[in-house]
Amino acid sequence: MAEWTLSAALNRALIDAMENDPRLLVYGEDVGRLGGVFRVTDGLQAKFGEDRVFDTPIAEAGIVGAAIGLALTGWKSVVEMQFDGFSYPAFEQIVSHVAKYRNRTRGRVDLPIVIRIPSFGGIRGKEHHGESPETYYAHTAGLKVVAPSSALDGYRLLRLAIEDTDPVVFLEPKAKYWAKEEGELIADGPEVGEGRVVRDGDACAVFAYGAMVARCLEAADMLEGEGVSIRVVDLRWLAPLDVDLVGRSVRETGRAVVVHEAPKTLGMGGEVAARIMEEAFDFLQAPVARVTGWDVPYPPAALEHRYLPSVDRIADAVRRVVSY
Amino acid sequence: MAEWTLSAALNRALIDAMENDPRLLVYGEDVGRLGGVFRVTDGLQAKFGEDRVFDTPIAEAGIVGAAIGLALTGWKSVVEMQFDGFSYPAFEQIVSHVAKYRNRTRGRVDLPIVIRIPSFGGIRGKEHHGESPETYYAHTAGLKVVAPSSALDGYRLLRLAIEDTDPVVFLEPKAKYWAKEEGELIADGPEVGEGRVVRDGDACAVFAYGAMVARCLEAADMLEGEGVSIRVVDLRWLAPLDVDLVGRSVRETGRAVVVHEAPKTLGMGGEVAARIMEEAFDFLQAPVARVTGWDVPYPPAALEHRYLPSVDRIADAVRRVVSY
Amino acid sequence: MDAPSHWAGTAPVRILEPDGTAVGDPDVGLDAEQLRELLRHMIRARRLDRECMALQRQGELTVYPPFEGQEAAQVGSAFALNTEDWTFPTFRELAAALVRGVDPVQYLWYHRGTWHGGPYDPRATRFGPICVPVATQICHAVGVAMGLQRDGADACALAYFGDGSASEGDFHEGANMAAVFGVPAILFCQNNGWAISVPTGLQTAGEIWKRADGLGFPGVRVDGNDVLAVYRVTTEAAQRARSGGGPTLIEALTYRMGPHTTADDASRYRDEDEVERWRAFDPIDRYRTWLVSAGHADEDFVRTCEEEAATWVAEVRAGITATEAPPAEWMFDWTFADPPVVLARQREEALGG
Amino acid sequence: MDAPSHWAGTAPVRILEPDGTAVGDPDVGLDAEQLRELLRHMIRARRLDRECMALQRQGELTVYPPFEGQEAAQVGSAFALNTEDWTFPTFRELAAALVRGVDPVQYLWYHRGTWHGGPYDPRATRFGPICVPVATQICHAVGVAMGLQRDGADACALAYFGDGSASEGDFHEGANMAAVFGVPAILFCQNNGWAISVPTGLQTAGEIWKRADGLGFPGVRVDGNDVLAVYRVTTEAAQRARSGGGPTLIEALTYRMGPHTTADDASRYRDEDEVERWRAFDPIDRYRTWLVSAGHADEDFVRTCEEEAATWVAEVRAGITATEAPPAEWMFDWTFADPPVVLARQREEALGG
Ligand SMILES: Cc1ncc(C[n+]2csc(CCOP(=O)(O)OP(=O)(O)O)c2C)c(N)n1
Ligand SMILES: Cc1ncc(C[n+]2csc(CCOP(=O)(O)OP(=O)(O)O)c2C)c(N)n1
Ligand SMILES: [Mg+2]
Ligand SMILES: [Mg+2]
């Protein structure tokens with residue numbers, strides 16, 4: 001049985017997709033000769049040549065803007081923003097063009113562009129290297145946003161994102177790049193917008209994505225010992241959100257906790273909480289709890305562990321919600 | 001009794017603030033000789049000279065970045081982004097620097113910067129001229145975000161924003177620039193982060209800001225006729241949010257509707273709904289309803305009225321919530 | 001006649017003097033019919049531009065950005081391109097759009113508030129969507145050029161932008177990437193002296209065409225009111241681009257005769273004398289005078305152009321005024337190829353379907 | 001010795017040959033003691049730089065970006081500034097920070113992961129926070145220069161940035177605004193040949209110093225491994241800036257001897273021979289050779305510098321290794337001047353009371 005890291009699985013997804021589609025390009029800063037600072041594009045340039053895999057100047061707006069022009073000429077792009085905090089220079093191109101182009105051209109121009117962004121914290125990185133940008137992109141109408149939580153799922157989701165004719169912001173949890181998972185890489189599976197139950201339970205539904213999913217599973221083990229069984233849901237897609245799975249999970253458990261690294265205010269937790277009310281108000285037996293990063297800038301390495309939702313904080317929230 | 005438009009009131013606020021503080025600067029695109037496309041800076045350059053009120057090249061990142069340097073040398077800035085959609089080129093400077101500078105310098109460097117942004121829709125504008133960017137900024141830790149709903153309040157809030165030593169994103173509802181309000185301009189009043197009840201009622205609390213407040217008041221009149229009295233709350237500050245007022249209003253009415261122009265997903269409605277659960281779950285008799293823009297790009301002039309929350313949509317939501 | 005400040009410095013490439021006399025070789029490779037075509041385009045463009053101003057006053061358009069005075073810059077450059085070439089406009093390139101064969105009625109949907117930037121088919125016309133976030137379209141044109149390069153196509157991509165737009169970071173990122181990759185792109189700057197109320201002198205302390213040298217590719221400054229000179233430099237740039245010679249930056253010196261848009265009151269920041277002085281530089285008078293004196297056309301031809309243009313403009317007017325508001329469905333139909341369930345529900349809620 | 005590709009083109013201003021012989025006038029206005037001071041700074045800087053590499057390997061720093069090879073560029077430019085002048089670094093300007101009097105231990109808090117970019121006092125030192133989003137600091141320096149201009153201060157602001165950073169829009173916006181407003185700013189580019197794994201040839205097709213001309217202000221190219229030449233061009237730029245002459249763009253040609261950071265494996269994209277060839281251009285050897293041969297210093301002085309540097313570096317090491325993790329309060333204390341109620345409650349929740 002093969003063992004995959006998220007980095008290797010994503011690398012394989014790119015290779016397989018490029019072999020399937022000769023008009024798929026991969027470019028960005030240091031993705032060529034170096035193979036990306038996280039090695040996700042390792043070996044691609046040697047394999048597919050400098051025309052299809054290339055380094056660009058340090059110009060994020062230029063990179064994303066170019067992807068639009070390339071799409072107009074029938075080239076699909078997977079571009080990399082080197083880190084979450086460095087996707088911001090491209091914000092105007094992403095929000096004003098990538099998200100709106102199909103709509104403003106009355107469906108005549110699809111933008112099959114995947115914007116890969118190594119995201120979130122947990123790697124003792126410097127400032128601007130631990131941002132959780134999902135709210136910025138998921139709030140933007142016209143963008144699809146996905147964040148895998150594991151290697152095998154990451155492979156599938158990246159293939160799915162590349163297949164999609166709409167632009168997809170692909171948020172890769174840096175903290176999981178080197179985490180291993182056993183199994184085979186399989187491209188097919190659930191569609192865009194489908195979350196998954198990674199562990200079932202009936203006392204409370206816990207929603208998470210990216211690196212927080214693993215923490216929720218740890219919390220689940222801890223709580224199991226206390227006789228509290230929780231359902232852990234990996235949302236995967238932050239836009240479109242799997243509102244049906246969210247609703248069903250709360251109708252079946254009556255309680256919910258949402259976990260994410262991003263600051264609390266206007267994070268996914270608020271959106272999920274609001275959806276829960278819309279989908280399952282009468283089943284709700286306790287207020288939805290949000291276990292999130294604080295409303296402060298991402299802290300330096302020395303304080304990271306005091307900022308990120310810990311297993312204890314997650315478990316405490318569940319206990320509070322369950323005993324409400 | 002004097003009559004003020006929002007544009008004139010904001011213009012006066014700038015004049016009074018500049019007279020009070022010789023180190024306050026006003027700059028941006030077309031704010032000097034022209035006096036701003038909405039005339040908010042009309043006459044300032046003639047009055048205070050080209051050193052303190054000046055036109056810049058079209059370079060939003062440069063404008064915001066310069067404000068940081070000016071703050072380091074003890075100059076306060078009120079900069080204008082000409083329209084909501086044109087604040088995006090400055091996103092990196094705003095999120096990576098303006099919001100974080102005080103924190104990263106351990107409180108040694110305050111950034112008394114006000115970023116004025118003519119915002120929201122309702123003026124039959126072209127694309128990129130009807131954006132509701134509040135989520136982008138209110139989610140960003142380190143920024144304060146405010147959106148006035150009327151001329152007199154706008155005067156006070158702009159004075160307050162300029163007095164504040166923290167950076168404030170000041171969202172001006174374009175649709176209200178020429179709306180008149182009677183009364184005297186008074187600088188003092190509630191502090192940063194305080195919302196206000198603009199109309200009291202006991203059947204349901206309706207939260208809004210900017211141009212939507214007036215629509216909610218219209219809906220209130222309509223509902224009054226049906227014997228339904230609603231409390232209309234002007235949130236004013238989207239960050240920090242007046243969670244106490246939100247909580248109290250729902251504890252007293254048991255029902256809530258949130259109204260905004262921004263797309264529903266991850267809009268303020270979700271955050272307010274989540275806060276309501278945290279602050280008043282046991283008092284909540286119906287799910288919080290969100291009356292918002294759709295999850296699509298802001299439409300052209302011809303369809304604006306089908307996108308923006310209408311008085312009818314607001315009233316319907318209240319009826320649904322009240323009869324839940 | 002003294003040209004205004006933004007023409008100061010390096011003398012631009014010029015073939016025709018403002019008074020219509022030739023100072024350079026007028027043989028730019030066009031035959032008499034094509035030469036007449038240039039005039040026909042400019043006359044039609046100006047007629048339609050003025051009609052649009054009227055349409056806006058009459059409430060048939062929401063806001064309109066007139067291009068009067070810039071006909072030569074737009075027609076001369078657009079005429080120099082082949083059908084396979086791509087063009088990326090700002091919001092003021094209606095004249096270029098006409099030359100590129102874009103349907104004027106669909107184009108004007110934008111200014112009527114019927115739909116957003118790309119109501120016509122950007123692929124079929126190879127004319128990009130009307131672009132308002134200034135300078136962003138430069139990066140799109142460079143991306144197209146990257147695609148053409150990979151396809152080994154015998155084509156290039158031209159991006160229009162203004163003197164003010166050139167202050168944006170996207171100008172630099174796009175221009176630099178074009179140079180580094182040596183792609184077939186033309187960066188065509190219409191320096192019309194103003195960015196809304198801000199004169200070019202407050203946008204840059206240098207000469208825009210010179211920026212190319214610093215990025216390692218050729219730049220040229222041309223009299224933007226001289227349609228022959230514009231045609232020549234654009235043709236040269238396009239040929240160089242298509243033959244692997246990389247990008248070119250063209251700074252066309254012209255002047256914005258009208259307000260920034262119908263919503264703008266130019267009297268607040270510039271005096272009418274300046275505008276009047278500019279009449280002497282009118283691109284259409286200049287070219288017509290030369291065309292007739294050179295014997296490529298007679299006054300009859302000019303009159304016919306005017307008449308034919310009048311009828312055509314009337315048709316466009318009829319077409320745009322007859323354009324009805326789009327159905328609300330349009331708001332939902334194109335955000336995604338496959339509307340997610342949440343959006344589908346919103347659609348139902350909105351359309352009560 | 002053939003310099004590598006990114007030195008090709010226009011010959012840089014140079015006073016000392018790589019072998020230490022003077023080809024230009026070595027009298028840059030510094031007396032013997034100051035000349036020795038330059039060497040002292042470079043020796044200390046390199047010692048500390050190498051110590052930081054060790055500290056990182058030993059787990060005392062999280063990631064560290066070495067500047068070996070760039071000592072002359074940083075020391076020469078920083079030494080040319082007055083106390084009233086401001087400096088805005090990237091993440092690789094520790095040598096400049098030392099010259100500007102920044103406390104090395106507080107500076108290293110950043111690389112230890114103790115706090116963010118500005119642990120030292122940016123106002124007291126007039127040395128801006130360590131800046132990672134490339135090119136953004138250029139706009140901050142220009143803003144400071146706008147402030148100095150308004151205060152009529154006899155001072156200027158210098159922004160460091162790299163060859164790769166110069167591809168960002170913020171470089172263009174900052175440089176252009178500096179020129180338009182004629183502010184006292186110095187844009188100092190250390191072209192060290194690499195942007196992580198990308199060689200300068202893939203960042204630009206031109207010569208960076210030439211970009212100034214296109215924006216209407218002076219640019220100069222200098223041998224960044226020649227501390228005297230760097231000192232001279234920076235002094236000239238600073239004098240021009242302080243006396244109302246506006247900004248200057250300086251391109252200092254140097255070389256990054258080490259990896260991009262300790263997290264980088266340079267062997268993946270460049271061969272060691274290139275690095276070895278560069279030893280011959282070492283800025284410290286070059287300067288020491290000249291200093292001694294010119295009789296401004298003897299080998300004793302050099303030895304003393306080395307010894308003194310060793311002791312000083314040991315102190316810095318002791319200081320940084322003794323630095324404890326900050327209290328969690330710090331996470332909340334400075335986001336706002338007055339923490340809003342919501343944040344105050346989060347603080348309680350996080351700190352437990
Ligand atoms: C990024 C961005 N910022 C601001 C604006 C607002 N705006 C629209 S047109 C314009 C002036 C453009 O001047 P120029 O580039 O010279 O083009 P011209 O209007 O002269 O044709 C400005 C500032 C915008 N459209 N986009
Ligand atoms: C806006 C932004 N994009 C990407 C990065 C990631 N990054 C960090 S350093 C670097 C290379 C910078 O090269 P250069 O400007 O030449 O400086 P040097 O590293 O050579 O000192 C990159 C791409 C960043 N810090 N900021
Ligand atoms: Mg212009
Ligand atoms: Mg470099």
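Atoms considered below: every heavy atom in the structure, side chains included; atoms not considered: hydrogens, waters and symmetry mates. The model shown is predicted, which means the values in this text are computed figures rather than measured ones.
By the 4.5 Å heavy-atom criterion applied to side chains, A/Arg106 and C/Gln106 are counted as neighbours. Within the 4.5 Å cutoff, the side chain of A/Val192 has no heavy atoms near those of the C/Phe336 side chain. Proximity of C/Asp338 to A/Asp166: side-chain heavy atoms (C-beta onward) are separated by under 4.5 Å at one or more points.
Across every non-hydrogen atom of C/Gly143 and A/Leu70, the tightest pair is O-CG, 3.5 Å. Nearest heavy-atom pair, A/Thr105 versus C/Pro122, reported as atom, atom and distance to 0.1 Å: CG2-CG, 3.7 Å. Across A/Arg104 and C/Pro129, no two heavy atoms sit closer than the pair NH1-CB, 3.6 Å. The shortest non-hydrogen separation linking C/Cys139 to A/Gly62 is SG-CA, 4.0 Å. Closest approach of C/Met177 and A/Ile63 over heavy atoms only: SD-N, 4.0 Å. Nearest approach of C/Pro133 to A/Glu92, heavy atoms of both residues: CB-OE2, 3.4 Å.
Interface residue A/Leu241: only backbone heavy atoms are found under 4.5 Å from chain C. Interface residue A/Asp244: only side-chain heavy atoms are found under 4.5 Å from chain C. Only the backbone of C/Ile130 comes within less than 4.5 Å of a heavy atom of chain A; no side-chain atom from C-beta onward does. In this structure, chain A has a heavy atom under 4.5 Å from the side chain of C/Phe88, while its backbone stays farther away. C/Phe181 touches chain A through its side chain: at least one heavy atom from C-beta onward sits under 4.5 Å away, while N, CA, C and O do not. With a 4.5 angstrom heavy-atom cutoff, A/Glu278 does not touch chain C via any of its atoms. There is no contact between A/Lys100 and chain C, counting heavy-atom distances below 4.5 Å. In this structure, chain A has a heavy atom under 4.5 Å from the backbone of C/Asp333, while its side chain stays farther away. Contact annotation for A/Glu191: neither backbone nor side-chain heavy atoms come within less than 4.5 Å of a heavy atom of chain C. In this structure, no portion of C/Ala141 lies under 4.5 Å from any heavy atom of chain A. Residue A/Ala71 touches chain C through its backbone alone, counting heavy-atom pairs closer than 4.5 Å. Interface remark: A/Leu143 contributes backbone atoms only to the contact with chain C (heavy atom separation under 4.5 Å). Interface residue C/Trp86: only side-chain heavy atoms are found under 4.5 Å from chain A. For chain A, the nearby part of C/Val342 is the side chain; its heavy atoms alone come within less than 4.5 Å. With a 4.5 Å cut-off on non-hydrogen atoms, A/Val243 touches chain C through its side chain but not through its backbone.
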Requested in this report: With side-chain hydrogen bond (donor to acceptor under 3.5 Å, both in side chains) as the test, would you mind laying out the steps for A/Gln93 and C/His140 before giving the verdict?
Outcome: CA-CA 10 Å; A/Gln93 286 286 356; C/His140 307 159; 2.8 Å; yes
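Contact count against chain C (heavy-atom pairs under 4.5 Å) is highest for A/Asn103 among A/Thr73, A/Asn103, A/Ile68, A/Asp242. Chosen from C/Thr335, C/Val341, C/Val144, the residue pairing most often with chain A at heavy-atom distances under 4.5 Å is C/Val144. The candidate with the highest count of non-hydrogen atom pairs below 4.5 Å against chain A, out of C/Gln137, C/Arg126, C/His172, C/Met146, is C/Met146. In terms of heavy-atom pairs under 4.5 Å with chain C, the best-connected choice from A/Gly107, A/Pro240, A/Pro89, A/Ser96 is A/Gly107. Counting heavy-atom pairs under 4.5 Å between each of C/Gly128, C/Gly169, C/Gly117 and chain A puts C/Gly117 at the top. Contact count versus chain A (heavy atoms, under 4.5 Å) is highest, among C/Asn176, C/Thr136, C/Asp170, for C/Thr136. Heavy-atom pairs under 4.5 Å with chain A peak, among C/Trp109, C/Phe332, C/Tyr110, at C/Trp109.
Of the possible donor and acceptor atoms, one in the side chain of C/Arg123 sits under 3.5 Å from a partner among the backbone N and O of A/Arg108.
At most 12 heavy atoms of other shown residues, nucleotides or ligands fall within 6.0 angstrom of atom CD in A/Glu50.
Geometric assessment of C/Arg150 against the ring of A/Phe54 yields a positive cation-pi assignment under the 6.0 Å and 45° thresholds.
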